[in-house]
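Have a look at the structure below, then the notes.
Reminder, nothing fancy here: chain letters follow the sequence lines and each chain counts from 1.
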Number of protein chains: 2
Amino acid sequence: MGPLPHILVVDDHVQIRESVTRYLEKNGMRATSAKDAADMDAKLAGGHFDLVVLDVMMPGEDGLSVCRRLAAAGAVPIIMLTALGEDADRIAGLELGADDYLAKPFNPRELLARIRSVLRRSSRGEPLAGKLAGRTVRFEHLVLDTDRQILIDDEQGEIPLTDSEFRLLVVMLERARMVLSRDQLLDLTAGRTAGPLDRTIDNQISRLRRKIEPDVLRPRIIRTVRNGGYCLATDVEEQA
Amino acid sequence: MGPLPHILVVDDHVQIRESVTRYLEKNGMRATSAKDAADMDAKLAGGHFDLVVLDVMMPGEDGLSVCRRLAAAGAVPIIMLTALGEDADRIAGLELGADDYLAKPFNPRELLARIRSVLRRSSRGEPLAGKLAGRTVRFEHLVLDTDRQILIDDEQGEIPLTDSEFRLLVVMLERARMVLSRDQLLDLTAGRTAGPLDRTIDNQISRLRRKIEPDVLRPRIIRTVRNGGYCLATDVEEQA
DNA sequence: ACGGATTTGTAGCGGATTGTATCAGGCAAT
DNA sequence: ATTGCCTGATACAATCCGCTACAAATCCGT
């Protein structure tokens with residue numbers, strides 16, 4: 001987990017903000033607070049956060065609306081704070097993409113446990129995710145230079161990658177040996193959802209293979225999983 | 001998206017098991033139930049599951065203990081069902097590695113929402129060849145390269161495997177000397193349940209045998225167990 | 001802003017794979 | 001021996017995927 005996880009607490013009550021941030025900081029986390037949606041946006045824009053704790057009841061933009069926005073962007077996990085017993089809110093929140101909720105008034109220790117639980121989930125799901133930025137990795141006979149967005153072949157020289165080829169390759173390298181559906185790949189590379197006749201990913205895989213597979217007719221780096229998607233079947237190691 | 005997500009519901013009450021499984025199935029999931037910890041272990045061993053819904057209060061092995069075991073293995077996400085208001089249980093469950101909990105009595109719609117939420121986080125793809133991912137194993141006169149999805153015959157050269165042949169072989173190698181029913185094999189390879197006239201597995205076994213049996217008329221690697229299924233009857237050892 | 005070049009998405013053909021139907025052979029029980 | 005079921009094998013149809021070709025979109029320098 002590198003440095004301390006950074007939590008953003010969004011609530012309009014000063015008391016709650018302060019007590020929560022203090023409690024989190026006492027328990028090995030970094031905490032920042034925001035008093036409303038606008039404040040939250042400013043803080044999010046200005047730094048990296050691992051999780052947002054979001055109050056449903058807020059003046060200005062509603063918590064559910066904020067939740068929908070954040071979940072759509074998909075960049076950060078969310079825990080919602082709801083009024084006690086408001087089933088409707090809770091279900092709505094989860095369906096909108098919140099990762100968890102907690103009823104107010106809540107036990108701080110339980111909030112901590114839930115934060116840890118969500119963090120554990122999201123880091124488990126993405127083993128190397130995002131960490132490829134600025135690094136150089138080697139796999140098979142190739143070295144990927146993420147800064148220059150090119151591949152370096154041991155034998156031949158540099159192989160330039162187009163934008164989408166690069167994104168696709170990075171996404172797969174970060175999830176080596178995982179089977180990724182076309183939907184997931186399209187979501188991760190382009191941020192959109194696939195229509196029923198969408199062959200976009202097939203096409204990009206085909207183009208990428210031409211550049212990285214020694215024998216395109218029998219691909220072994222990017223393997224096709226029928227009815228499943230694609231899988232990068234090789235080890236990926238860091239390069240000095 | 002591959003096949004439907006498969007949920008295992010563990011609870012000692014018949015009513016709850018049945019109503020929950022029925023509700024999940026009506027909402028686009030596959031559900032199986034187990035009545036206690038031992039039953040659960042059997043089901044887990046015999047098929048593939050994407051998530052376990054686990055009651056805390058159970059006769060026999062306690063839910064928290066089961067939760068610790070499963071979380072340590074780390075193979076499958078867990079949602080715990082706790083008695084209402086039992087803060088201690090909830091916190092303990094989360095700290096033991098559960099991915100979420102729900103207080104009983106619960107709203108089925110909320111359970112569904114939580115299941116979807118957990119799956120969204122954790123189902124970011126599964127390893128292709130299970131525990132064999134990236135390994136190379138030897139059995140009889142053959143070596144299986146799981147990365148390249150090919151067999152290497154000591155005498156002849158490489159034997160390419162189709163996707164389903166490969167999945168079937170991997171599943172059987174991982175469970176060498178165990179008798180596997182057609183249902184289990186279909187579940188483990190394709191993630192679906194067999195209809196009454198389903199001869200899919202027979203067919204695939206037949207195809208696989210043609211590629212691996214020295215004498216197809218007298219198969220000795222994959223043995224047929226009449227009224228039982230099939231069994232890979234040979235030792236499997238790791239290859240450098 | 002314009003025009004050309006590169007990149008990216010869409011459509012469609014053809015090969016490969018896989019599930020279903022069907023028939024034939026074999027084992028077991030009567 | 002006969003009957004009934006279970007399994008092996010073949011044939012075929014449906015589906016999936018790779019590839020090419022083309023159209024739309026984007027980029028970039030002037």
Side-chain angles (χ1 to χ4, degrees), chain A residues 149-151 159-171 179-183 185-231 233, chain B residues 1-3 128 149-150 159-171 179-183 185-213 215-231 233:
Chain A
Q149 190 168 321
I150 59 170
L151 281 167
I159 305 174
L161 294 174
T162 73
D163 243 345
S164 58
E165 284 162 0
F166 177 71
R167 275 200 306 272
L168 180 58
L169 181 56
V170 166
V171 162
V179 179
L180 300 167
S181 71
R182 286 156 230 272
D183 269 344
L185 289 170
L186 199 59
D187 184 24
L188 291 166
T189 57
R192 62 195 176 85
T193 40
L197 299 175
D198 204 320
R199 303 286 303 278
T200 303
I201 292 297
D202 299 53
N203 203 336
Q204 309 229 357
I205 291 279
S206 177
R207 281 165 177 147
L208 184 54
R209 273 177 174 159
R210 255 174 255 159
K211 295 191 177 179
I212 70 175
E213 293 285 354
D215 180 2
V216 180
L217 295 181
R218 300 162 88 226
R220 67 172 188 175
I221 299 180
I222 298 180
R223 184 125 63 77
T224 303
V225 181
R226 186 175 236 252
N227 288 311
Y230 296 95
C231 169
Chain B
M1 188 178 45
L128 176 56
Q149 190 169 321
I150 59 172
I159 306 174
L161 294 174
T162 72
D163 227 329
S164 58
E165 286 161 1
F166 175 72
R167 276 202 301 272
L168 180 59
L169 182 56
V170 166
V171 161
V179 178
L180 300 166
S181 71
R182 285 156 231 270
D183 267 345
L185 289 170
L186 198 60
D187 181 15
L188 292 165
T189 58
R192 62 196 175 85
T193 320
L197 299 175
D198 204 320
R199 302 288 306 280
T200 302
I201 292 297
D202 298 59
N203 201 339
Q204 300 197 350
I205 291 280
S206 174
R207 281 165 176 148
L208 183 54
R209 273 177 174 159
R210 256 175 254 162
K211 294 192 176 178
I212 69 174
E213 294 286 355
D215 179 4
V216 181
L217 296 181
R218 298 176 162 275
R220 63 172 188 178
I221 298 180
I222 298 181
R223 200 157 50 83
T224 303
V225 180
R226 185 166 240 258
N227 291 313
Y230 297 94
C231 168

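The shortest distance between side-chain heavy atoms of Q204(A) and Y230(A) does not fall below 4.5 Å. Looking at R182(B) and D202(B), their side chains come closer than 4.5 Å, going by heavy atoms from C-beta outward.
The side chain of S206(A) contributes no N or O atom lying less than 4.0 Å from OP1 or OP2 of dG18(D). At the phosphate of dT20(C), OP1 or OP2 sits under 4.0 Å from a side-chain N or O atom of T200(B). The phosphate of dC16(D) (OP1 or OP2) has no side-chain N or O of Y230(A) nearer than 4.0 angstrom. Put simply, T162(B) has a side-chain N or O that comes within less than 4.0 Å of OP1 or OP2 on dT18(C). Distances shorter than 4.0 Å separate some side-chain N or O of T224(A) from OP1 or OP2 on dG18(D).
Nucleotides of DNA chain C nearest to Q204(A) and R199(A) differ in position, and the one nearer the 5' end is that of Q204(A).
Atom P of nucleotide dC19(D) and atom CD1 of I205(A) are separated by 11 Å, given to the nearest angstrom.
Side-chain N/O atoms of N203(A) and base N/O atoms of dT10(C) include a donor-acceptor pair closer than 3.5 Å. Interface remark: the R223(A) side chain does not form any donor-acceptor pair with the dG18(D) base, using a distance-only criterion of under 3.5 Å. Residue side chain R207(A) reaches the base of dG9(C) through a donor-acceptor N/O pair under 3.5 Å, judged by distance alone.
Taking each heavy atom of L168(A) and T189(A) in turn, the nearest pair found is CA-CG2, 3.7 Å.
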